[in-house]
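The first residue of the sequence shown is numbered 1, and numbering continues consecutively from there. Quantities reported herein were computed from a predicted structural model and do not represent experimental measurements.
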Amino acid sequence: ADPKRELIGDDEHVWHPKGVFNIEGGCYAKTIGLTREKEPEIYDAIRFGSVLENVVFDESSGKVDFDNVSITENTRVAYPLKYIPNARIPAKVEH
């Protein structure tokens, strides 16, 4: 997302005569090859309350290996919209 614009969500939007709003309440992003340098907002959203899917991690440290594709290349994270610094809460805008 453009850090200069407010984010109302990445999917599941409703267009209504009075505006646009998000019904999802969060975002769902690919994590394959994820680094803080490439996608700082997504990387920083990975914390308590986010859900990682299909990722490999070190059981002793909890560190995720975002480059490991041994399960699948379709690795994802779901996180609340409020984890993004430029999120617009509530997630609605006028036309």
Side-chain angles (χ1 to χ4, degrees):
D2 183 344
K4 297 180 187 106
R5 299 176 70 184
E6 291 182 313
L7 180 71
I8 64 169
D10 67 344
D11 201 5
E12 306 300 328
H13 294 88
V14 174
W15 289 78
H16 186 272
K18 294 183 179 181
V20 180
F21 63 95
N22 180 270
I23 59 173
E24 208 173 32
C27 297
Y28 192 59
K30 292 184 178 185
T31 60
I32 189 70
L34 181 67
T35 65
R36 190 166 198 291
E37 293 73 32
K38 290 181 190 174
E39 296 283 354
E41 292 87 4
I42 295 171
Y43 191 89
D44 290 344
I46 299 173
R47 54 184 144 153
F48 185 82
S50 62
V51 178
L52 288 163
E53 298 177 351
N54 300 324
V55 298
V56 175
F57 66 96
D58 183 294
E59 291 188 32
S60 61
S61 69
K63 185 174 184 329
V64 177
D65 182 354
F66 293 112
D67 294 317
N68 188 316
V69 295
S70 64
I71 298 173
T72 180
E73 288 190 21
N74 192 24
T75 58
R76 304 274 183 159
V77 62
Y79 51 88
L81 189 58
K82 67 182 180 182
Y83 284 9
I84 298 295
N86 60 321
R88 182 182 186 115
I89 309 289
K92 61 182 180 177
V93 293
E94 295 181 4
H95 290 281

With a 4.5 Å heavy-atom cut-off, do F66 and L52 have their side chains touching? yes

Reference residue V56; test side-chain contact (heavy atoms from CB on, under 4.5 Å); the match among D67, N68, V64: N68

With a cut-off of 6.0 Å (strictly less than), are more than 12 heavy atoms of other residues, nucleotides or ligands near OH of Y83? yes

Heavy-atom closest pair (K38 atom, G33 atom, distance to 0.1 Å) is NZ-O, 3.0 Å

Side-chain touch L81/L7, heavy atoms, less than 4.5 angstrom: yes

Straight-line distance of I84 CD1 to I42 CD1, nearest 0.5 Å: 6.5 Å

Say whether V77 and F57 are linked into one hydrophobic cluster, either directly or through other cluster members, by side-chain heavy-atom distances under 4.5 angstrom. yes

Can you tell me which residue pairs pass the salt bridge (charged side-chain N to carboxylate O under 4.0 Å, His left out) test with a partner in residues 72-95, sequence neighbours excluded? E6-R88

Closest non-hydrogen atom pair between G49 and P80, with its separation: O-CD, 3.9 Å

Under 3.5 Å, side-chain donor or acceptor atoms of residues 24-31 against the rest of the protein: list the pairs with distances, not counting sequence neighbours.
| from | atom 1 | to | atom 2 | distance (Å) |
| --- | --- | --- | --- | --- |
| Y28 | OH | E53 | OE1 | 2.5 |
| T31 | OG1 | T75 | O | 3.4 |
| T31 | OG1 | T75 | OG1 | 2.8 |

With hydrophobic residues grouped by side-chain heavy-atom distances under 4.5 Å, do I32 and Y43 end up in a single group? no

Run I46 and L34 through side chain to side chain contact (heavy atoms under 4.5 Å, CB included) and show every step you take. CA-CA 11 Å; I46 299 173; L34 181 67; 3.6 Å; yes

